[in-house]
Amino acid sequence: MRADLEIIRDWIRPGSRVIDLGCGEGELLEHLVNEKQVQGYGIEINSDNITACIEKGVSVIEKDIDEGLCSIRSNSFDTVVMSHALQTMHRPDQIVEEMLRIGKECIVTFPNFAHWRARFYLAFRGRMPVSKFLSYTWYNTPNIHFFTFKDFEELCVERNIYIVDRTVVDHEHKHRWWIRLWPNMLGEIAIYRITR
Amino acid sequence: MKDFPEDSVGIVTPQRIHFDQPLTLASGRVLPEYDLVVETYGQLNQQASNAILICHALSGHHHAAGYHHQDDKKPGWWDSAIGPGKAIDTNRFFVVSLNNLGGCHGSTGPNTLNPETGQPFGPDFPIVTVQDWVQSQARLADYLGIQQWAAVVGGSLGGMQALQWSIDFPDRLRHCVIIAAAPKLSTQNIAFNEVARQAITKDPQFHDGHYYAQQSVPKTGLMLARMVGHITYLSEDGMREKFGRELRSGKLSFDFNPQFEIETYLQYQGERFSTSFDANTYLLMTKALDYFDPAADYDNDLALALKNVQCQYFVASFTTDWRFSPERSREIVDALIEAGKKVTYTEIQAAHGHDAFLIPIPRYMEVFGAYMNRIANAVEKDNAR
């Protein structure tokens, strides 16, 4: 399992109700349902991913998250997960609000655009960063909002969102002691646990 | 001898099963005895755990797959999905398909003889509901020795039966497959049904439903009903793509004869239907649709109605279906999520409107097949234990 999903997995209580927005092939949910008896649902838009979820036996709902989550009742989930998808949403702020409405707690992961490699790429090459992790070029990337840990945390302050937990890792989703020295420069991916 | 396609179930023979246990209907009326006409495809395994029930839609019947004889031109109505290697794989499943009570293809209905009078039931045949059908299908399961279906599967009105099954007999199915359906009819749906009923009942040949004795058939009414219905089965884009504004003779004829291709097509469809379907059955089927509302007994709360269900669900809709639009399927899905039940939902891109559920659209067959495959794998894994 992808390392960030392992971290998320450990944050989820057994037997709870979980919805994974942009669940991909459903590996997190498959694990949570089988090992933690979680009542889990995934929202996905990609056909191949949906088929993969069906094969795994994961409850998957075909839906464009950008169209909103208004049909889901407030506070109907214990945890709402969005892993590596917030930067692809048309309005990340509205999605975060919606996540906080339907769930008691949310877990969000996203790439940090202020990582030193991205900074240097833009500063010295004068071009939008392309890396192993963000492997698209500017015209075909699904990542339409680039933001940093600081940006996200400012949004949380503005909207009275409480950050319960934050873990910053490198592109392999591994903890490194030195990341803690200057997370917004050295960390590539952040995993936030937020609530209101 | 003609060769049928390799993925066809080949020649099938319907069987008639008689039930002499009285069936009390939702209306309070009782059918003392009745017949159901049934087709089956594939083999029931020893544990009787691989059985699939197919529920038909408004104009459907028991003949879902295969051919009735060597020279049969057309296979059953859902042959695209049922057969060896198809989404409902008859190499792995035992498939049961019946003509519902009140139907006109052999099961007890308005056009069969009332044993009490020796005359056709006609308009005296009781109004049957989706719940009544499910009760009769459960008796069919008993008769066939099937305690629990691997899945109950249906499109449109058939999907409504599948949903009702999961509520009425929670422990008698493991999966519920609901395609292009709705949790209840919209006002607009009921309005269209009423137009169809008026067309039939106002036909002078209808004779208040006693047309059998008069040796007449309300053909015009039935044809109009079907034409209206058919428009709701197609999408606007699909119609435009298929017929456009094409003229049969290439130029305007300045009279009231059918000139546009769509006019001819609808007339042809209506005409064909009016000679193969029974008007009283059509009335009954539209009423069963109108009355369907499983949440009604639960404070109009569908999630509450689904509280005790035990099966897993597969729900599918089609983007251009405006008869039972994707929003309607999502109502079912939302209620299932609220009730904490396992559900998979897919929305298929298709130009064909409501009719899409009968068409082997590649993506549709892929997801549907993947889900059915999962069911078959679980059945076979259980048996290997």
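All chains are named by letter (A, B, ...) in the order of the sequence lines, taking the proteins before the strands, and each is independently numbered beginning at 1.
Residue contact with chain A, scored on non-hydrogen atoms closer than 4.5 Å, involves the side chain of V333(B) exclusively. Only the backbone of V58(A) comes within contact range of chain B, with heavy atoms under 4.5 Å apart.
Proximity of I61(A) to V315(B): side-chain heavy atoms (C-beta onward) are nowhere separated by under 4.5 Å.
Of the listed residues (L336(B), I337(B), V367(B)), the one with the most heavy-atom contacts under 4.5 Å to chain A is I337(B).
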Could you list each donor and acceptor atom pair linking chain B to chain A at less than 3.5 Å?
from	atom 1	to	atom 2	distance (Å)
D334(B)	OD1	S71(A)	OG	3.4
D334(B)	OD2	S71(A)	OG	3.2
I337(B)	O	R17(A)	NH1	3.0
I337(B)	O	R17(A)	NH2	3.0
E338(B)	OE1	R73(A)	NE	3.2
E338(B)	OE2	R73(A)	NE	3.2
E338(B)	OE2	R73(A)	NH1	3.3
E338(B)	OE2	R73(A)	NH2	3.2
K341(B)	N	Y41(A)	OH	3.0
K341(B)	O	Y41(A)	OH	2.6
V343(B)	N	S59(A)	OG	3.1
V343(B)	O	S59(A)	OG	3.4
Y345(B)	N	V60(A)	O	2.8
Y345(B)	O	E62(A)	N	2.9
T346(B)	OG1	E62(A)	OE1	2.7
E347(B)	N	E62(A)	OE1	3.1
R363(B)	NH1	T51(A)	OG1	2.8
R363(B)	NH2	S47(A)	O	3.0
R363(B)	NH2	T51(A)	OG1	3.4
R374(B)	NH1	I54(A)	O	3.0

